[in-house]
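Letters A, B, ... are given to chains in the order of the sequence lines, protein chains preceding strands, and every chain is numbered from 1. Any value given below was found using the heavy atoms of this structure, including those in side chains, with hydrogens, waters and symmetry copies removed. Remember, predicted model here, so these are calculated numbers, not experimental data.
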Number of protein chains: 2
Amino acid sequence: MEERFFGLLRDNGLKATKGRVEVLRLFFKAGRPLAQKQIMEMLRLKLDRASVYRILNAFTGAGIIHMAFVDGRHRVYELPGKCSGRNCHPHFSCRGCGMTACLEDFKVYYKGALGKGFVAERQKVLIEGLCPNCRPDRDRRHE
Amino acid sequence: MEERFFGLLRDNGLKATKGRVEVLRLFFKAGRPLAQKQIMEMLRLKLDRASVYRILNAFTGAGIIHMAFVDGRHRVYELPGKCSGRNCHPHFSCRGCGMTACLEDFKVYYKGALGKGFVAERQKVLIEGLCPNCRPDRDRRHE
DNA sequence: ATTTAGATGCGACATTATTGCAAAAAATAA
DNA sequence: TTATTTTTTGCAATAATGTCGCATCTAAAT
């Protein structure tokens, strides 16, 4: 299982160090976008803040992950999944617990109106709201 | 002209101080979203960093402006225009010069796929790319 | 003009992120 | 395996964005 991470790192010209394997493992395990802070809390081994930042930048440069969106002051990264760096799928962010999710089947359609001479390179769509856990439960509204 | 700003401030329970009138003037003059940094550079009078932040927070609390989007690490604010705080129109941000623009006629259509139990409260749409000034000019491509 | 509620300036601090440099670890060569 | 080279890491310092406390000042009301 770890071999998969070793290969992914080496294929992208990155040494398979403990720290990188660990961070990569966390992304695969989480299956959802992660911010540096969350990664720090999930680490099973000691890794410096600076190293985590450098790992995220290295991964981003290599295309192993990309920045999905900025949530408040946190840059949130994820494995590519179905989206390219240029045209990323929309994301959901819960204002209750900070949980994030990819909305890969959630398509955005827009028409014109960018004005003459403008070039669109990337779209970033973020839906903010409440996840099922943070939503006031409708079945309990009579309590 | 300045009376308009005085009235807008007082109607929202804010004292019409020099700093506030100046910041409000900049928003009206610019006619586009502004970040704290840009405001600092445009100021015609001396105003402390902290004061600008406090003014932006006061204006936001009063509903005179709202945060349009986060660009990199910069919070970008704007006058409401056609959008409410909850459902803001899409924005454009130029990666060349950092210029921002509102895409009020740019409508986003999306369908389903938010999953059961999720509640959408806000949408944030940001298109990144190049503005006409930063775009490599097509007419000069043979140079 | 005096009073007073509230705004400002300044400095300290918190947070997120980057960088320089020496020590450590991984990959390569011997 | 050992030695060498390259890259990464840890630590500390630094930068940028933003907030807060407190003394001082200002706008507006008396």
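At a threshold of 4.0 angstrom between heavy atoms, the contacts of Ala58(A) with the nucleic acid are absent.
With sequence neighbours left out, the side chain to side chain donor-acceptor pair (under 3.5 Å) criterion links Gln38(B) to no other residue. Taking the side chain to side chain donor-acceptor pair (under 3.5 Å) definition, one finds that Arg75(B) meets it with nothing, sequence neighbours left out. When the ring pair (Phe, Tyr, Trp, His ring centres under 6.0 Å) test is applied to Tyr77(A), no partner is found at least two apart in sequence or on another chain.
Taking 4.5 Å as the limit, every side-chain heavy atom of Leu24(B) sits out of range of all side-chain heavy atoms of Phe6(B). Proximity of Phe28(B) to Arg4(B): side-chain heavy atoms (C-beta onward) are separated by under 4.5 Å at one or more points. By the 4.5 Å heavy-atom criterion applied to side chains, Pro33(A) and Phe27(A) are not counted as neighbours. Counting heavy atoms from C-beta outward, Phe69(B) and Leu126(A) have side chains that stay 4.5 Å or more apart.
The nucleotide range of DNA chain D contacted by chain B, defined by atoms under 4.0 angstrom from heavy atoms of the protein and reported 5' to 3', is dT17(D) to dA28(D).
When rounded to the nearest whole Å, the span between NE2 of His74(B) and P of dT16(C) equals 17 Å. To the nearest angstrom, C1' of dA5(C) lies 15 Å from CZ of Arg10(B).
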Scoring nucleotides 7-13 of chain C by protein non-hydrogen atoms under 4.0 Å (B base, S sugar-phosphate only, - none) yields SBBB---
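Counting only residues at least two apart or on different chains, no side-chain hydrogen bond (donor to acceptor under 3.5 Å, both in side chains) pair has a member in residues 8-21 of chain B.
For the pair Arg75(A) and dT15(C), the criterion of a side-chain N or O lying under 4.0 Å from OP1 or OP2 is not met.
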